[in-house]
Amino acid sequence: MTTPALRMDLTSNPAEIASARKSIEAFAGAAGFDERATADIGLCVNEAIANIIRHAYGSAKDKPIEMHADMVADAMMITLRDWGNGRMPDLNKSVDPNTLCPGGLGLPCLKALLDGLKFEPQSDGMLLRMTKRKR
Amino acid sequence: MTTPALRMDLTSNPAEIASARKSIEAFAGAAGFDERATADIGLCVNEAIANIIRHAYGSAKDKPIEMHADMVADAMMITLRDWGNGRMPDLNKSVDPNTLCPGGLGLPCLKALLDGLKFEPQSDGMLLRMTKRKR
Amino acid sequence: MAELQHLSTHVTYADITGDTAIFRLKDEIDLHTSPDLRTDILGALTKGEVKKLVLNLEKVPYVDSSAIAVMVEALQKLRKAGGKVYLTNLSPRVKGLLEIARLDSIFSVVANEADVAAS
Amino acid sequence: MAELQHLSTHVTYADITGDTAIFRLKDEIDLHTSPDLRTDILGALTKGEVKKLVLNLEKVPYVDSSAIAVMVEALQKLRKAGGKVYLTNLSPRVKGLLEIARLDSIFSVVANEADVAAS
Ligand SMILES: Nc1ncnc2c1ncn2[C@@H]1O[C@H](COP(=O)(O)OP(=O)(O)O)[C@@H](O)[C@H]1O
Ligand SMILES: Nc1ncnc2c1ncn2[C@@H]1O[C@H](COP(=O)(O)OP(=O)(O)O)[C@@H](O)[C@H]1O
């Protein structure tokens, strides 16, 4: 583990998303990411946590989510651990703007904005690894 | 422990103070502290870490510092743990603006801005507990 | 308006006049706050003959995909009646998310409320 | 100026003319960055006959006590020569820290650089 490292213990309550987003953005800003990349990191954390809440935990509000972030060279490594259904999302689906379906935007955001995205199913949930490089 | 909870693993390098300050300020802002109280919390964390670096660790740059923060009702509870000399600072000293001594400002800031400040010596260092209430 | 009394804290102003509903929104909108906004906006669309929904996002620095989903849902409803959703005063960050989601073309993005009439 | 070549990244402008040294500073200054600033400022005071040190903090949103300590140290040096430290364009946050430290009265806090001459 490299320092500074940020860890947040969260609950699967949508009210806590803002806290995670703002904290990781401050952490990214202090680590030297520019405004754009910092905003991207905040959005990805937001979307990934929202997905955990809705898909891994079926919108239960009292389940644990752990976020961890640190810098390895010029890249921020962020992990999100949940103890939900452990189901692999379909990473190949893409947004078709013509179907006008509200939803399905979270994963495409992660894919578009991150340099690395990996879902690692655990025996008791999911470990999501996200990587964002400075450019 | 209540959530969201923030934890940072830091090293006693002054370059990491900004990261701790910005992260705790974002966390405080998301927890509903107003701009003034958020700034106070950031400054107190800055000053407390600076004191650990200089006084507990004698300016060694590679020693661990752990920060933890969460909300208990309307108060933010922040702890800073170090594995330094464990010496109790003299909390009764106050600033005399007439002596014009550069320094001695850190502890008076903490005393003025916090609702609770407690140094708990450990067998192998110090645990500093700081409390800031919303007003 | 009687019909729009219990509005989400993210709505600073709401008006329905003729076929046009205007909502001025504020603050960051994410999964925590988008459900209330959804209630307000979809609720307004069921009243009267709304064909133009105008969302003024001048005071909205941030939205996540759940807020975008509310806009898409509103557009679905309005399209059936031949209507449109206008987004005005977008911050760069909000505009950026619409672009990533490739949804900037399905909405009518205009500079401000006055441009809705002109469009 | 030849004497002020290798300045801290927090110094955007430095000038010594007659008995007056002016430094315009930027960004947040804490224990990480105050040592370089200390070198610059105390270094300038050893050159020539400086009696007025002007620190323009317009672009400084934040300082911690280590930055204040640099200012106090400069004031110590200048007072021996009958000089003064002027702080200009303070943000509310920086002003707040000076007040907490009860040091707002030992410095000459003025609105802007022009007011230094007038004071
Ligand atoms: N953390 C997760 N755990 C399980 N399934 C997920 C997770 N994230 C996404 N998915 C699956 O991937 C699909 C697409 O997700 P996403 O693009 O975020 O859109 P949305 O959540 O709006 O439907 C979801 O409908 C869900 O089935
Ligand atoms: N974390 C600490 N561990 C040990 N001693 C401390 C610590 N913090 C403060 N002190 C002691 O308290 C004194 C006053 O601290 P402070 O008010 O921060 O001023 P300064 O650090 O500028 O001297 C220090 O000189 C030091 O002796």
Side-chain angles (χ1 to χ4, degrees), chain A residues 1-35 38-39 41-43 45-46 48-50 52-53 57 60-72 76-83 134, chain B residues 1-35 38-39 41-43 45-46 48-50 52-53 57 60-72 76-83 134:
Chain A
M1 191 204 55
T2 56
T3 65
L6 179 85
R7 187 178 124 173
M8 290 191 79
D9 294 304
L10 302 157
T11 302
S12 56
N13 186 331
E16 296 190 12
I17 293 177
S19 184
R21 177 176 73 243
K22 288 174 188 180
S23 299
I24 197 93
E25 286 182 6
F27 185 71
F33 283 89
D34 65 25
E35 206 175 317
T38 296
I41 288 171
L43 179 63
V45 161
N46 180 323
I49 294 177
I52 290 171
I53 294 174
Y57 284 135
K61 288 192 174 175
D62 57 351
K63 306 295 182 189
I65 301 171
E66 263 182 38
M67 177 168 78
H68 188 277
D70 60 9
M71 294 294 298
V72 175
M76 183 171 290
M77 317 293 280
I78 304 168
T79 60
L80 282 166
R81 174 72 157 98
D82 70 63
W83 289 262
K134 288 186 205 171
Chain B
M1 191 204 57
T2 57
T3 64
L6 179 87
R7 188 178 124 172
M8 290 192 78
D9 294 304
L10 302 157
T11 303
S12 57
N13 186 330
E16 296 191 13
I17 293 178
S19 184
R21 177 175 74 244
K22 288 173 188 181
S23 298
I24 196 94
E25 286 183 5
F27 185 72
F33 283 88
D34 64 26
E35 206 175 316
T38 297
I41 289 171
L43 179 63
V45 161
N46 180 323
I49 294 176
I52 291 172
I53 294 175
Y57 283 134
K61 286 194 175 174
D62 57 350
K63 305 297 181 189
I65 301 172
E66 262 183 38
M67 176 168 78
H68 188 276
D70 61 9
M71 294 293 296
V72 175
M76 182 171 289
M77 318 292 281
I78 304 169
T79 62
L80 282 165
R81 175 72 158 99
D82 70 63
W83 288 263
K134 288 186 203 169

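Everything numeric here is computed off the predicted structure, so don't read it as measured data.
Within 6.0 Å of the CD atom in A/E35, the count of heavy atoms belonging to other residues, nucleotides or ligands does not exceed 12.
Here the closest non-hydrogen pair linking A/A30 and B/S19 is CB-CA, 3.5 Å. Minimum interatomic distance between B/A26 and A/K22 (heavy atoms only, all atoms of both residues): CB-O, 3.1 Å.
B/T3 pairs with exactly one of A/N13, A/T11, A/D62 by the side-chain hydrogen bond (donor to acceptor under 3.5 Å, both in side chains) rule, that one being A/T11.
Between chain A and the options B/A31, B/S23, B/A28, B/P64, heavy-atom pairs under 4.5 Å are most frequent for B/S23. Of the listed residues A/R21, A/H68, A/M8, A/E16, the one with more heavy-atom pairs under 4.5 angstrom with chain B than any other is A/E16.
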